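What you are looking at is a predicted structure, and each value in this text was computed from that prediction instead of being measured. These values consider heavy atoms only, across backbone and side chains, with no hydrogens, waters or symmetry-generated copies.
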Amino acid sequence: REGDAQFAERSAALKARREHAERVIREAQIDLISPKDMREQLAAILVRFPALKVLSVTSLPPAPLGDAVGATGATAGAAVAPGVYQHGLEVKVEGRYFDLIAYLEALEKTPRRVYWRELELAVNEQGIPVTRIALFTLSKEAVWMRI
């Protein structure tokens, strides 16, 4: 009987730990946007900035987060977050610099997270700024996001 009580106590403790871990994971993911919803969110925000013209949108293949982080300074291929994938988009927009900054600020304020890490600004032949923005979101899914 004493062994049964210890087993039941241990089982209950392990169940509580598992439930706590699952809750922590759910809470950590609550502000992430799924790769399939990222395009709609970007488009919804762009509608508020009619002065920006989208020239192109290119989806990038998903990469394990360790590999993606490796390109920015960590050891390439490091298992920074096993089972987490970075889904990227490159968006090229034409429009004034301050409109672009307002767009990026709106992106950063959304409750569902889309991150940007690269911004390349050039001026076209007509003197209009053209900006390439590298955006990404994180997901536990390795499925390629198609745009």
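Residues V130 and K92 are in side-chain contact: their nearest non-hydrogen atoms beyond the backbone lie under 4.5 Å apart. Contact check for L89 versus T58: no side-chain heavy atoms found under the 4.5 Å cut-off. Using a 4.5 Å heavy-atom threshold, the side chains of R132 and L119 count as separate. For the pair L135 and V91, the minimum side-chain heavy-atom distance is below 4.5 Å. A heavy-atom distance below 4.5 Å is found between the side chains of L100 and I133. Within the 4.5 Å cutoff, the side chain of R117 has heavy atoms near those of the F136 side chain. A 4.5 Å side-chain heavy-atom check between L60 and E90 finds at least one atom pair inside the cut-off. Counting heavy atoms from C-beta on, the side chains of V93 and D99 never come closer than 4.5 Å.
Atom CD of E105 is separated from atom CZ of F98 by 10.5 Å, given to the nearest 0.5 angstrom. Atom CD in Q126 sits 7.0 Å away from atom CD in E94 (nearest 0.5 Å).
Annotation for R18: atom CZ counts as buried by contact number, over 12 foreign heavy atoms lying within 6.0 Å. For E9, the CD atom counts as loosely surrounded, since its 6.0 Å shell holds 12 or fewer non-hydrogen atoms of other residues, nucleotides or ligands.
By the rule that hydrophobic residues join a cluster once side-chain heavy atoms approach within less than 4.5 Å of another member, L121 and I101 end up as members of one cluster.
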| message | With side-chain contact (heavy atoms from CB on, under 4.5 Å) as the criterion, how do V54 and L46 come out once you've worked through the C-alpha distance, each side chain's angles and the decisive distance to 0.1 Å? | response | CA-CA 9 Å; V54 178; L46 267 172; 3.3 Å; yes
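Closest approach of P129 and R96 over heavy atoms only: CG-CA, 4.4 Å.
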